[in-house]
Amino acid sequence: PACRVAQSLAQYCVGANYAWAMAEGLFLLRLLVATSGRRCVPAFLLLGWGVPVLFVVPWVVLRYLYENEGCWERNEKVAVWWVIRCPILVAVAVNFVVFVRIVRILVAKVRAHQVSRGDTRLRLARSTLTLIPLLGVHEVVFALAGEGEGGGGLRLAR
């Protein structure tokens, strides 16, 4: 039982990681589009800590009912694994859309000459490169790569 609790906690932490990346991206977009994002902080807190509970608890129940073997480290039934994987893929997709919108806003500001420095393109490139790991945009490339055993070039690159 302790091993299964640890596995469930690990899945919650992975889900919280992606949920927080999504919350950070949405918060940043909100700050760029609106004047203030402070009123939405409770909603972002709920998104970061609460949303993972919505898919980890059903995953625990399904694991207990249909795949209650070992320490829950193997994913024999793919349908049960997708209960965890789908929300993560949704978070990756939302972050990619947020990333594209933020880059469009930054490019529009550079084109409008709102930035007074001469190194605006360098600053735009630097901020874009900073956003890639922050928002997990690199996960778009590896989103459908398998996490199980076996080979494959994309899995190996991941």
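What you see below is based on every heavy atom in this structure, not just the backbone, and it leaves out hydrogens, waters and symmetry mates.
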Give a yes or no on whether L65 and V5 share a hydrophobic cluster (residues Ile, Leu, Val, Met, Phe, Trp, Tyr; joining criterion: side-chain heavy atoms under 4.5 Å apart).
-> no
How far apart are the closest heavy atoms of V53 and P58, and which atoms are they?
-> O-CD, 3.9 Å
Flag side-chain contact, heavy atom, 4.5 Å: L26 against V98 = yes
Using the rule that two of Ile, Leu, Val, Met, Phe, Trp, Tyr join whenever any of their side-chain heavy atoms come within less than 4.5 Å, decide whether V97 and W20 are in one cluster.
-> no
Sort out for me which residue in N95, I102, V103 forms a side chain to side chain contact (heavy atoms under 4.5 Å, CB included) with F99.
-> V103
Is V14 linked to L9 within one hydrophobic cluster, defined over Ile, Leu, Val, Met, Phe, Trp and Tyr using a side-chain heavy-atom separation of less than 4.5 Å?
-> no
Taking all non-hydrogen atoms of both residues into account, name the closest pair between R63 and E73 and its distance.
-> NH2-N, 4.1 Å
Working to the nearest 0.5 Å, report the span between CE of M22 and CD1 of I88.
-> 11.0 Å
Determine whether L54 and L45 fall in the same hydrophobic cluster, where Ile, Leu, Val, Met, Phe, Trp and Tyr are linked whenever their side-chain heavy atoms lie under 4.5 Å apart.
-> no
Return yes when atom CZ of R101 has more than 12 non-hydrogen atoms of other residues, nucleotides or ligands closer than 6.0 Å, and no otherwise.
-> no
What class does the angle between the rings of W59 and W72 fall in, given that below 30° is parallel, 30 to 60° is tilted and above 60° is perpendicular?
-> perpendicular
Are any side-chain N or O atoms of E67 and backbone N or O atoms of E76, one a donor and one an acceptor, separated by less than 3.5 Å?
-> yes
Flag, side chain of R4 to backbone of G70, donor-acceptor distance under 3.5 Å = yes
Which heavy atom of P87 sits nearest a heavy atom of W82, and at what distance?
-> CD-O, 4.1 Å
Please name all residues satisfying disulfide bond (SG atoms under 2.5 Å apart) with C13, sequence neighbours left out, ordered by chain then number.
-> none
Would you indicate whether the side-chain heavy atoms of F27 and V41 approach each other to under 4.5 Å?
-> yes
Does W49 offer a backbone N or O that forms a donor-acceptor pair with the side chain of Y12 under 3.5 Å?
-> yes
Rounded to the nearest 0.5 Å, the CG atom of L131 sits from the CD atom of E24 at a distance of 11.0 Å
In terms of hydrophobic clustering (I, L, V, M, F, W, Y; side-chain heavy atoms under 4.5 Å; direct or indirect links), are L32 and F96 co-clustered?
-> yes
